[in-house]
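Structure first, then comments.
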Number of protein chains: 2
Amino acid sequence: MPLNNPTRTAPVTTADKVFEQMQHAIVEGKILAGSKISEPELAKQYQISRSTLREALNRLEKCHLVERKANIGSRVVECTTQGLLELYITREALEGMACRQAAINITDEEISDMQAMLQRHSQSPALQDGVSYYQEQGDLDFHYKVILASHNQQLINLICGQLYHLVRMYRCQFGMNSPRASRAFDEHSHIIQAIADRDGELAEMLMRRHIAASRINIESKISKIKFQNKQ
Amino acid sequence: MPLNNPTRTAPVTTADKVFEQMQHAIVEGKILAGSKISEPELAKQYQISRSTLREALNRLEKCHLVERKANIGSRVVECTTQGLLELYITREALEGMACRQAAINITDEEISDMQAMLQRHSQSPALQDGVSYYQEQGDLDFHYKVILASHNQQLINLICGQLYHLVRMYRCQFGMNSPRASRAFDEHSHIIQAIADRDGELAEMLMRRHIAASRINIESKISKIKFQNKQ
DNA sequence: TCTTAATAAATTGTCGACAATTTTGTTGTT
DNA sequence: AACAACAAAATTGTCGACAATTTATTAAGA
């Protein structure tokens with residue numbers, strides 16, 4: 001089970017496999033954001049029938065990576081500054097609550113597990129500031145563990161099954177791979193402490209600030225890029 | 001545009017229509033919660049092909065009303081006490097944040113609109129404590145307006161497009177139609193006031209308490225029912 | 001030359017049939 | 001009677017073809 005999706009099940013049907021391929025292609029920008037999706041073209045490309053492709057498209061729509069309009073067709077979602085802002089505000093709400101619930105529902109075993117992970121991260125700086133998209137698992141791993149520890153299936157499905165696909169897409173396409181390295185590590189540490197202390201209120205507050213800081217960090221990078229482009 | 005779904009577009013394709021029919025049937029319990037869905041059977045029942053039915057099923061899956069497993073089939077979601085609890089906790093997080101964003105992004109026009117709605121509700125007690133599923137629009141209307149006023153498309157899609165289908169299902173199937181009548185009206189009033197004052201922090205806190213109170217109210221009703229059944 | 005209308009091409013929606021998988025029912029053995 | 005292996009039935013997944021709708025192209029008129 002890959003680190004970047006703890007809730008996923010092994011792909012059994014061909015639609016599953018095509019879904020995963022397209023998912024990666026969209027996240028990495030190989031299929032361009034905002035571009036129209038031609039069913040006949042992609043069906044031929046993946047060597048499958050249109051029915052199967054449409055099945056895959058439906059799943060991509062479920063995780064908000066494509067949008068479909070009746071009789072018009074499908075488009076890959078666009079990556080806009082506003083969309084990123086909205087996404088992080090939503091994350092703040094959901095992961096904040098997940099963190100509060102984690103403080104309530106986490107098992108002792110999961111606490112040990114998270115502390116062990118933190119220990120590993122402290123010893124391998126490469127994990128603290130992942131350089132590429134595939135190496136950012138340190139941060140994602142932390143967030144996934146917190147979310148799963150909430151033991152709230154509704155929150156888990158929403159965040160891991162839907163939001164995080166978009167999060168990865170934005171991170172990848174905007175080149176925001178290293179989420180504030182050392183600072184993030186400290187913040188992770190404090191959050192785990194609050195959870196271990198069963199202090200739900202503090203845990204939620206810290207997680208919300210952690211995500212808000214991450215959002216502001218990314219926003220500033222974007223505005224720099226925009227500034228450069230105008231020069 | 002029906003009151004109970006402000007983000008919905010008119011159904012154009014037959015899959016759309018079947019989706020809406022099934023949606024209502026599931027929410028109202030005409031298709032039993034937790035029951036298996038036979039594709040051949042339902043396709044015959046609705047006089048459509050299996051492809052079209054599957055398209056409808058995909059949309060039902062998108063709003064979490066059915067769950068599908070590969071090679072096994074689809075089932076209507078179950079209505080469990082835990083599921084209800086999880087749903088309301090998620091609502092608390094999302095609608096709380098939506099309320100905070102509304103305090104930031106709402107237009108003067110929308111403020112007037114909400115105050116006018118409140119005025120109408122105060123004069124028609126029937127709207128304050130809706131008796132049946134179809135008459136609970138007073139409460140739903142309020143929540144929808146707040147969510148839309150957030151002007152955050154991500155939040156709007158998640159809450160209106162997904163969560164609220166489940167909310168209506170639980171309300172309908174557990175017979176929790178009147179959401180604490182008069183108390184709710186006062187709470188609505190205070191929330192709108194906070195939004196109009198542009199006090200995002202207070203607005204979020206009030207909305208969270210409002211939903212938490214609603215959750216606790218429903219929980220107590222459920223435990224009473226369980227108690228009765230054991231007698 | 002620019003709009004508008006009509007027509008042709010392409011794309012999406014729907015259908016029925018076949019293949020693959022799961023479930024059910026049966027048979028045979030312990 | 002209980003269990004296992006096998007066979008039959010039913011269900012889901014996939015395919016290609018046709019219908020309905022949208023988009024592109026052409027023709028006509030102002």
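Here is how names work: the chains are called A, B, and so on, in the same order as the sequence lines, proteins then strands, and each is numbered from 1.
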- Message: Please classify the nucleic acid contact of B:L53 as base, sugar-phosphate, or nothing, using heavy-atom distances under 4.0 Å.
- Response: nothing

- Message: At a heavy-atom distance below 4.0 Å, what parts of residues 40-49 of chain B sit against DNA chain D?
- Response: B:P40

- Message: Reading DNA chain D from 5' onward, which residue's closest nucleotide shows up sooner: B:E39 or A:I72?
- Response: B:E39

- Results of side-chain hydrogen bond (donor to acceptor under 3.5 Å, both in side chains) for B:E110 - residues two or more places apart only: B:T107, B:H151

- Message: Going by side-chain hydrogen bond (donor to acceptor under 3.5 Å, both in side chains), name the residues that satisfy it together with B:Q101, two or more places apart in sequence or in a different chain.
- Response: none

- Check side-chain hydrogen bond (donor to acceptor under 3.5 Å, both in side chains) between A:Y170 and all other residues, then give those that pass, not counting sequence neighbours. none

- side-chain hydrogen bond (donor to acceptor under 3.5 Å, both in side chains): pairs with one or both residues in residues 77-87 of chain B, sequence neighbours excluded: B:T81-B:K226, B:Q82-B:E86

- With sequence neighbours left out, the residues meeting salt bridge (Lys or Arg N to Asp or Glu O under 4.0 Å) with B:R75 are none

- 5' to 3' contact window, DNA chain D with chain A (heavy-atom distance under 4.0 Å): D:dG13 to D:dT23

- Message: Between B:E92 and B:R215, does any side-chain N to carboxylate O distance fall below 4.0 Å?
- Response: yes

- Within residues 55-71 of chain B, those residues having any heavy atom closer than 4.0 Å to DNA chain C are B:N71

- Query: For A:S74 and A:S51, take the nucleotide of DNA chain C holding the closest heavy atom to each; which residue's nucleotide lies nearer the 5' end?
  - Reply: A:S74

- Sequence-distant partners of B:A103, side-chain contact (heavy atoms from CB on, under 4.5 Å), two or more places apart: B:A203

- Residues that B:A15 engages under side-chain contact (heavy atoms from CB on, under 4.5 Å), provided they are two or more places apart: B:T13, B:T52, B:E55, B:R59

- Does A:Y88 have any ring-ring contact (aromatic ring centres under 6.0 Å, His included) partners at least two apart in sequence or in another chain, and if so, which? none

- Message: List the residues meeting side-chain hydrogen bond (donor to acceptor under 3.5 Å, both in side chains) with B:S38, not counting sequence neighbours, and say none if there are none.
- Response: none

